[in-house]
Amino acid sequence: MLQLHTIRENKERIIKALKKRNMDAEPILSAVLDLDEKRRSLQTELDATLAESNKLSKEIGMLFKSGKAQEANALKEQTAGLKETSKQLGEDLNKAAEALQEQLYLVPNIPHDSVPAGNTDEDNEEVYREGDIPELADGALPHWELAKKYDIIDFELGVKITGAGFPVYKGKGARLQRALISYFLDKNTAAGYTEVQLPHLVNEASGYGTGQLPDKEGQMYHVQADDLYLIPTAEVPITNLHRDDMLSTAELPIKYTGYTPCFRREAGSYGAHVRGLNRLHQFDKVEVVRVEHPEASYKALDEMVEHVKSILKELKLPYRILRLCGGDLGFTSALTYDFEVFSTAQDRWLEISSVSNFETFQANRLKLRFKDENGKRQLVHTLNGSALALPRVLAGILENYQTKDGIKIPEVLVPYCGFDRIE
RNA sequence: GGAGGAAUGGCAGAGUGGUCGAAUGCGGCAGUCUUGAAAACUGUUGAGGGUCACACCUCCGGGGGUUCGAAUCCCUCUUCCUCCGCCA
């Protein structure tokens with residue numbers, strides 16, 4: 001959520017920046033500013049009315065104390081009208097504030113200057129590429145075939161016990177998955193991130209805090225009986241750890257890493273591109289989250305990018321980094337880098353990490369602030385990234401490391417797996 | 001799940017209808033003293049809105065109500081504690 005004063009002072013600049021998202025923000029920003037003005041004038045009016053009745057109440061109190069009951073009772077009659085007025089103003093004020101909030105929730109974050117214009121993922125800008133794309137022998141298989149061949153992931157069993165998009169990992173498949181989680185967590189904690197284990201269900205306030213609500217309500221699983229949501233990413237519980245906090249500069253930066261399953265309804269997406277592990281309703285992910293001083297946040301973003309690079313390098317997977325264009329940029333993000341590994345057998349790139357700076361967008365919703373060097377309260381910047389998302393990394397490993405008679409395990413994972421081949 | 005109790009400023013803890021946004025202690029900040037530090041002493045110190053700055057308004061877990069007036073009374077929700085039951 002953007003801050004009102006930012007909109008008041010930078011309307012034209014914001015409109016221009018939001019054009020990168022292919023959005024004409026003029027109407028909504030004007031509506032926001034109108035509602036803001038309305039809200040404030042109602043507030044002023046209400047304040048004046050309340051000040052008047054407060055004054056009268058005090059007088060009445062003093063009169064009673066000094067035994068002048070009659071005069072007091074006479075004053076009482078004067079308060080009736082004020083009461084009526086303030087009640088009405090209060091209602092109007094609430095309505096205006098609600099309408100304002102509603103509009104404000106619809107405004108996406110302002111893209112960073114470096115965000116390229118563009119409409120779709122085809123307009124994303126490749127900024128880095130590393131690793132050789134292996135030449136596979138004839139008969140190389142996509143991972144869902146490999147999964148079947150070596151009996152390491154069973155999609156049909158998942159369908160039986162739950163539904164499509166809930167795979168069952170078996171034997172060395174399950175072990176490899178667990179190995180990846182441990183390896184990622186070890187890498188992240190070595191880089192200074194504090195490991196946390198989190199609830200996999202969150203309440204409504206948390207959903208609003210990180211921006212999944214209200215705009216992405218349909219993408220989360222909702223447990224109606226208790227009004228809780230299954231987390232779509234660890235970002236939600238982690239970032240909300242600091243909701244409503246007032247931090248000191250000494251506490252910054254805060255760095256967390258956490259492994260959780262992630263649940264996404266992904267309603268309406270079916271077809272060839274979602275086969276196998278490519279898109280699931282439940283998947284595992286290790287996330288990193290940072291809470292930063294505003295002046296340090298872009299340096300932090302670069303650090304996160306370098307960190308993810310170091311992991312992919314160790315796994316020896318061919319990957320590229322994209323700077324997302326305005327049209328592809330997430331609602332809450334100011335700047336996002338996507339990491340994609342090349343899936344040899346599918347001959348396409350698979351997104352395995354997304355690293356973003358949200359600047360103050362989430363912090364404003366979260367009321368997550370700190371006292372700066374001058375003792376002034378400021379919103380922090382929040383950032384997060386996957387390090388890494390499991391299924392597509394697994395797909396990449398299976399496909400890129402396959403040989404005629406088995407799948408090799410990347411060297412760094414062998415100690416975690418306890419085996420070096422899947423046959 | 002049942003029965004009781006509680007929720008107040010960074011923390012602890014007073015306050016049961018009228019200058020209470022809230023005593024007191026601790027902590028924080030500033031100063032005096034000191035070569036420096038500690039101790040002691042003095043002052044200062046909640047948040048949000050609003051204003052150039054004041055004024056002013058709101059906030060004592062959330063929501064609603066009674067009253068001229070609510071931290072204080074009533075209803076309701078949430079959370080925590082104690083006891084009982086159940087349980088990995």
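These values consider heavy atoms only, across backbone and side chains, with no hydrogens, waters or symmetry-generated copies.
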query: What integer number of Å spans the P atoms of B:rC33 and B:rU24?
result: 27 Å

task: Once you apply the 3.5 Å cut-off to both distances, tell me the Watson-Crick or G-U wobble partner of B:rU78, or none.
output: B:rA7

- line: Pairing partner of B:rU24, by Watson-Crick or G-U wobble and under 3.5 Å for both distances, is B:rA12

Integer angstrom distance from the P of B:rU8 to that of B:rG13: 9 Å

- prompt: Around A:E195, counting heavy atoms of other residues, nucleotides and ligands shown, do more than 12 lie under 6.0 Å from its CD?
  reply: yes

- prompt: Considering only the C1' atoms, how many Å lie between B:rC11 and B:rG17, rounded to the nearest integer?
  reply: 29 Å

side-chain contact (heavy atoms from CB on, under 4.5 Å) against A:L35, all qualifying residues, sequence neighbours excluded: A:A99, A:L100, A:Q103

field: Distance between C1' atoms of B:rG4 and B:rC57 (Å, rounded)
entry: 40 Å

query: Which one is paired to B:rG36, where only Watson-Crick or G-U wobble pairs with both distances under 3.5 angstrom count?
result: none

- prompt: Does A:K172 count as lying over the ring of A:Y150, i.e. NZ or CZ under 6.0 Å from the six-ring centre, within 45 degrees of the axis?
  reply: no

- line: Ranking A:A51 and A:K87 by the position along RNA chain B of their nearest nucleotide, the one closer to 5' is A:A51

- prompt: Does a sphere of radius 6.0 Å around CD in A:E295 hold more than 12 heavy atoms from other residues, nucleotides or ligands, not counting ones at 6.0 Å or beyond?
  reply: no

Base-pairing mate for B:rG31 - Watson-Crick or G-U, with both contacts under 3.5 Å: B:rC41

message: For a quick check of understanding: with a heavy-atom distance under 4.0 Å over all strands, which category does A:N73 fall into, base, sugar-phosphate or nothing?
response: nothing

- request: Name the residue closer to the 5' end of RNA chain B, choosing between A:K76 and A:N94 according to the nucleotide with the nearest heavy atom.
  value: A:N94

task: Using the six-membered ring wherever Trp is involved, compare the ring planes of A:Y183 and A:Y416 and label them parallel, tilted or perpendicular (cut-offs 30° and 60°).
output: perpendicular

message: Going by ring pair (Phe, Tyr, Trp, His ring centres under 6.0 Å), name the pairs with one or both residues in residues 363-390 of chain A, residues two or more places apart or in two chains.
response: A:H293-A:F370

- prompt: In whole Å, what separates the C1' atom of B:rG10 from that of B:rC81?
  reply: 23 Å

message: Using a heavy-atom cut-off of 4.0 Å across all strands, would you classify A:S57 as base, sugar-phosphate, or nothing?
response: base

query: When you compare B:rU72 with B:rU16, how far apart are their C1' atoms, in angstrom units rounded to a whole number?
result: 5 Å

- prompt: Across the strands shown, which category fits A:L75 at heavy-atom distances under 4.0 angstrom: base, sugar-phosphate, nothing?
  reply: nothing

message: Side chains of A:T49 and A:E52: any donor to acceptor distance under 3.5 Å?
response: no

- request: Identify the 5'-most and 3'-most nucleotides of RNA chain B with at least one atom closer than 4.0 Å to a non-hydrogen atom of chain A.
  value: B:rG18 to B:rG69

Neighbour count >12 (heavy atoms, 6.0 Å) for atom NZ, A:K316: no

message: Taking B:rA23 as the reference, what is the distance to B:rG46 when you measure between their P atoms (whole Å, please)?
response: 10 Å

Distance between P atoms of B:rA39 and B:rC29 (Å, rounded): 12 Å

- line: Answer for the Watson-Crick or wobble partner of B:rG1, both distances under 3.5 Å, is B:rC84

Pair assignment for B:rA70, Watson-Crick or G-U wobble, requiring both distances under 3.5 Å: none

